[in-house]
Undergrad: 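Dumping the structure here so I can ask a few things about it.
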Protein chains: 2
Amino acid sequence: MEKKDSHCDPREVLERKQLARTAPRIAILEKLIRSDRAITVNDLVSEGMDMDRVTIYRTLNTLRDKGIVREIPTSSGTNYYEMACRHNPLHPHFYCTSCRSMTCLPPLAGGEMKAWLTLPEGLLARDLTVSISGLCGRCDGAPVRKEKEK
Amino acid sequence: MEKKDSHCDPREVLERKQLARTAPRIAILEKLIRSDRAITVNDLVSEGMDMDRVTIYRTLNTLRDKGIVREIPTSSGTNYYEMACRHNPLHPHFYCTSCRSMTCLPPLAGGEMKAWLTLPEGLLARDLTVSISGLCGRCDGAPVRKEKEK
DNA sequence: TCACGGATGCAACTCGTTTGCAACAACGGG
DNA sequence: CCCGTTGTTGCAAACGAGTTGCATCCGTGA
Ligand SMILES: [Mn+2]
Ligand SMILES: [Mn+2]
Ligand SMILES: [Zn+2]
Ligand SMILES: [Zn+2]
């Protein structure tokens with residue numbers, strides 16, 4: 001019997017990249033694998049991740065360095081993260097500057113994004129990000145900026 | 001007699017967008033127009049901009065909202081800015097995660113970047129960013145992270 | 001089972017950016 | 001040319017994402 005979705009299993013991913021299989025890492029990976037959208041550290045915390053925030057930051061950095069997760073910067077300073085294996089192929093993202101939500105956009109017609117651009121000599125590319133910022137459907141015209149909960 | 005480069009003149013730009021022509025704004029625009037690369041608030045400060053940092057932030061936000069400058073986010077949380085009229089056409093950027101330098105890349109062969117992607121209904125696009133992160137020529141292999149001056 | 005090196009938690013910190021508020025100055029009307 | 005309105009600036013304080021130092025902990029490989 002073999003596992004379904006083996007390529008995206010937390011423990012296998014960690015083993016393949018020679019990372020210790022610790023509880024925090026597995027929990028974070030499970031969350032990321034389940035998510036159909038890119039999420040933030042705050043998303044992880046507010047959805048009941050028990051560990052320290054610092055652990056989350058460090059874990060995501062590690063996973064990013066190993067190419068396991070993709071890091072998506074925003075102009076607000078908050079980074080979003082998504083599993084590379086789940087969010088395939090590489091696609092553009094839409095960031096609403098009003099409600100600060102991140103949406104995955106359909107992959108570009110015409111194949112691999114990387115293929116478009118030719119990088120000058122001497123640059124070592126790690127990651128490619130295409131993102132569009134603007135106002136999402138709910139915010140179009142009616143800003144909702146920064147309502148504080150509680 | 002007519003001005004050369006009239007389309008990029010600070011006072012004209014401000015007038016066209018109905019913004020008051022104040023000293024700080026003109027100074028910042030002049031700096032941006034002269035620069036062949038995208039720059040940060042710190043760049044502006046360290047190159048002798050006299051005004052308060054807050055003024056720079058507010059000015060850049062205003063210019064961004066009016067579509068005069070382009071805002072380029074990075075995973076380190078620092079935003080870069082470039083004059084839209086000077087940095088034409090819209091092109092990808094390379095960000096070195098080691099020395100944190102931003103480089104303009106040649107525009108994509110094959111025309112306008114915007115043309116590639118089709119946006120789902122209900123999304124109002126403001127800005128498009130294509131950026132590649134990795135290691136630049138000077139950092140390739142030899143990290144220089146965060147040397148503090150003085 | 002043991003020892004070692006990497007991973008975690010906690011507290012403090014860094015730094016880019018925002019906000020509140022009072023003083024100020026650009027600009028259009030008189 | 002002056003004046004009042006309204007948008008802009010400076011200052012101080014706050015905010016928030018992310019990092020760092022250090023002691024403890026625990027996964028891993030032997
Ligand atoms: Mn995505
Ligand atoms: Mn550029
Ligand atoms: Zn929105
Ligand atoms: Zn570099």
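Quick note: numbers below take in every heavy atom, side chains included, and nothing from hydrogens, waters or symmetry partners. Please read these numbers as outputs of a predicted model, since none were measured by experiment.
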Undergrad: Using heavy atoms to find the nearest nucleotide of DNA chain D for B/Arg58 and A/Val41 separately, return the residue whose nucleotide is more 5′.
TA: B/Arg58
Undergrad: Quickly work out the A/Arg21 CZ to C/dT8 C1' distance and round it to whole Å.
TA: 18 Å
Undergrad: Check the pair A/Tyr95, A/Ser101 against side chain to side chain donor-acceptor pair (under 3.5 Å), reporting the backbone distance first and the verdict last.
TA: CA-CA 6 Å; A/Tyr95 181 65; A/Ser101 61; over 6 Å; no
Undergrad: Using atom CZ of B/Arg53 as one end and atom C1' of C/dT19 as the other, report the distance to the nearest whole Å.
TA: 16 Å
Undergrad: Reading DNA chain C from 5' onward, which residue's closest nucleotide shows up sooner: B/Tyr80 or A/Ala20?
TA: A/Ala20
Undergrad: When you compare the side chain of A/Leu60 with that of A/Leu32, does any pair of heavy atoms fall below 4.5 Å?
TA: yes
Undergrad: Answer yes or no: does a side-chain N or O of A/Tyr57 lie under 4.0 Å from OP1 or OP2 of D/dG18?
TA: yes
Undergrad: Could you pull out the closest heavy-atom pair between A/Thr55 and A/Pro24, with the gap in Å?
TA: CG2-CB, 3.9 Å
Undergrad: Could you state the atom-to-atom distance from CD of B/Glu71 to P of C/dG16 in whole Å?
TA: 15 Å
Undergrad: Can you tell me if A/Thr22 touches the phosphate of C/dT8, counting only side-chain N or O atoms and a distance under 4.0 Å to OP1 or OP2?
TA: yes
Undergrad: Check B/Cys8 against B/Cys85 for me: are their SG atoms closer than 2.5 Å?
TA: yes
Undergrad: What is the distance, rounded to the nearest whole Å, between atom CD1 of B/Ile28 and atom C1' of D/dT8?
TA: 12 Å
Undergrad: Is any side-chain nitrogen or oxygen of A/Asn79 closer than 4.0 Å to OP1 or OP2 of D/dA17?
TA: no
Undergrad: Both B/Val54 and B/Ser76 contact DNA chain D. Which one's nearest nucleotide lies toward the 5' end?
TA: B/Val54
Undergrad: Just so I know, are the side chains of A/Tyr81 and A/Thr40 near enough to count as touching, which here means a heavy-atom distance under 4.5 Å?
TA: no
Undergrad: Distance check: side-chain N/O of A/Asn42 vs OP1/OP2 of D/dA17, anything under 4.0 Å?
TA: yes
Undergrad: Between P on C/dC10 and CD1 on A/Ile56, what's the gap in Å once rounded to a whole number?
TA: 13 Å
Undergrad: Check the distance between C/dT17's P and B/Leu60's CG and give it to me in whole angstrom.
TA: 9 Å
Undergrad: For B/Gln18 and D/dT6, give me the distance from atom CD to atom C1', rounded to whole Å.
TA: 14 Å
Undergrad: The side chain of A/Thr78 lies closest to which of these nucleotides: D/dG27, C/dC27, D/dA17?
TA: D/dA17
Undergrad: Just to be sure I understand the rule, does B/Arg25 reach a base, reach only the sugar-phosphate, or reach nothing, if contact means heavy atoms closer than 4.0 Å?
TA: sugar-phosphate
Undergrad: Roughly, in whole Å, what's the span from CG in B/Leu44 to P in C/dG16?
TA: 13 Å
